[in-house]
Amino acid sequence: MKFRLVFSMADSLRWLSHLDLARAWARVFVRSGLSLQYSEGFSPHQKIAFGPALPVGISGEAEYLDVGLLEAYEVNEVVARLNELTPIGLLMQAGVVLPEGTKHRSLNAVIDTADYRFQVPRRREVELMQGLTGAEIIAKKMSGDHVWLTARVPVGFKALAAASDTKDETRLPWRDARVDRLALWVNVDGQLVSPLSIVDGEPSGG
Amino acid sequence: MSNLGLRILYEIINADPRFAAERVFSPWTDMRDQLDRVDLPLMSLETKTPIADFDLLGISLQSELTYSNIIGLFDAARIAPRATERGAADPLIVAGGPGVFNPEPLSPFFDLFVIGEAEEAIIELMEVIQTVGQDKALVLERLSELEGFYIPSHGRPQKAIRKRSLTNFDERPIPEKPIVPFLETIHDRCVVEVTRGCGRGCRFCQAGMVYRPVRERRASTIIEGAHRQAKATGYTDVSLASLSTTDHSQIDKVLSELGSGDEADIRSISLPSMRTDQFSVRLARMIAGRKKTGLTFAPEAGTDRLRAVINKGVSEEDMLSAAEEAFAAGWNRLKLYFMIGLPTETDVDILGIAELVEKILRLNKRVKLTVSVATFVPKPHTPFQWVGAIPLEEIARRQDLLKANISRKRVDLKWHEGGSSLVESALARGTVRTGDAIERAYELGARFDGWSDYFSLDIWRRAFADVGLDLDREATNVLPQDAPLPWEHIDSGVDAVWLRQEYARSLRADQTEDCRFGVCTDCGACTSLEGLEIAEEQNQ
């Protein structure tokens, strides 16, 4: 039985690499006792596939993974059992069952658009706007010394580069900037929809 | 994070509702620079509490090449390095681990040393601190009445400090919920210690001497412990740790039951230390599955004669039959560990390494070998404690001799620069004056000496010279057999007379049996331990 799940990774977990994140989830699944599907081959590993990787330094509010489980669980049960065991900052939000018998395209193949929110000091707004040239700005908010800008961009967009000095070889955002990925989208006939809703399953809130 | 002792003590302390333990590691140079830049002291990982605010700071001495880092850790934590310069508000600072068996070089920097296995002693120590409070002198006074605590400020003890050793190893807790790091660390898997101590008696091996006697966990304890840890961590790999895992009396039972359980929680098992024999290869085969990543053997020396000198107890025949067995089972890559600079070594023994490697290559045309060559470092409380390390030029000459004669086809040869072995030798058998050199070396920029891109022989030579010592002489010095040793006040449990006798036997290439399989040679390690349980009775 295949599930598509959406999770958040917040706070200091934004410093995890994609590989570290994948390992962390694999261990949470093992700890949960949910019976996992393993791949065939010389070194069998859990069948967990992730959506587009988050660059180190960016947190994610709605990230996706597909996982194969050997038993028929309720989505709510899967979400609850995982959340009992996640490290602080990692939280499963919701999920759907991927219907049997149909071939599903991978998360990486279907997700094409991402929303990033940038929080920078006002004095850096011009610099940030230069970095976001060509991006669609979908929200803007000012508060105190800071400005929050939400940009909708193609998923391959180098979000960190928009808020960092290219000469900075560490590729980290400015010390006074904060970048979050708010959402990932699938473009279906010109309409942006959630990766959860492109499958014919019962969506379920967590 | 990879250190087993740390995992054990962390869990013991945190399981006790009266106490809380947090972790701190030497920050890597980039982090250290950042701390300095933003003017922050070193903090604990869990609650970001400044290290100087703790009641107790414990440091495990795993290798002499980390000693400059200890001064660096104090510096980053803004704690005065010398115990005499610290006040009541500073933490009490304690050392443990194998390095305490010669506490002298670090004695100016620590308030106390726990000698030996600390599972019980750590709680006793914390209870004393809790009862007495911040009066350090009184805390140390109370601790001096207990077994296993060496307190440098009290001067040389009248009676040697006897190491702590567990008599009920099987019942001592196996970590149940070790911390699982996000980053991939060394030994990033479940670790269950199957045996403590080793009876093989390799004469260069400090751990094999100071952690005597050998004590085994029951097969059932190991299996339950592994499953519990796997369930709690989500790790699917288990490492069965010890100094010589394939010597466990029930290792075949452990491996077959761990590998065949209904529960899918354990998917691979690793044996970090294996004897060089066919039996061990057969065990490795049981757990290897289809992917055979590599096998490691440690013949240590190139000829049967020198292996007898060091009491390795592995013949060329054993080595070749183990390799043959491994190739037949489908392994095509072996890793071999050797040492140069062992006592009585001649060029014949060096060339013997090349010849042995050649013979192994001839067994199978496709196999590849990794050959790692370390330099012998004499360690306290071993039969070779009196022997000097070979001089730097001689290390280079012997390495060159090997490089010129060993096959380079299908062989990946690895060696360390001799300089760090020289420093390791000088620190391992150092005195209290060596401590001055360690502090000086840090001032001159020494840190992370175990990493070749940071190690600088020049810094260490200068540091020794600045405090009136000669590094090369300290490392290569032969210590007299009839004079007290710098670590005479530490009692490892192994009898000094026995060590002398072992050294004499080594010079005649006489081998000494493991007391589990042969006769007791009265090393003294178990005679004074009351209620000692060595291994499970087997009813067959």
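For CG of A:Asp145, the number of neighbouring non-hydrogen atoms (other residues, nucleotides, ligands) closer than 6.0 Å is 12 at most. By the neighbour-count criterion of 12 heavy atoms within 6.0 Å, atom CD of B:Glu46 is densely surrounded, having more than that number from other residues, nucleotides or ligands. Heavy atoms of other residues, nucleotides or ligands lying less than 6.0 angstrom from CG of B:Asp55 number 12 at most. The neighbour count for B:Arg18 CZ, taken as heavy atoms of other residues, nucleotides or ligands under 6.0 Å away, is above 12. In B:Met31, the CE atom is not crowded: 12 or fewer heavy atoms of neighbouring residues, nucleotides or ligands sit closer than 6.0 Å.
Smallest separation of non-hydrogen atoms from B:Leu183 and A:Arg23: C-NH2, 4.1 Å. The heavy-atom pair separating A:Asp20 from B:Phe182 by the smallest distance is OD1-O, 3.3 Å.
The distance from atom CZ of B:Arg267 to atom CD of A:Gln46, rounded to the nearest 0.5 Å, is 7.5 Å.
Contact annotation for B:Ser268: neither backbone nor side-chain heavy atoms come within less than 4.5 Å of a heavy atom of chain A. Neither the backbone nor the side chain of A:Leu19 comes within contact range of chain B; no heavy atom of the residue lies under 4.5 Å from a heavy atom of that chain.
Judged by distance alone, with hydrogens and angles left aside, the side-chain atoms of A:Arg31 form no donor-acceptor pair with the main-chain N or O of B:Lys231 at under 3.5 Å.
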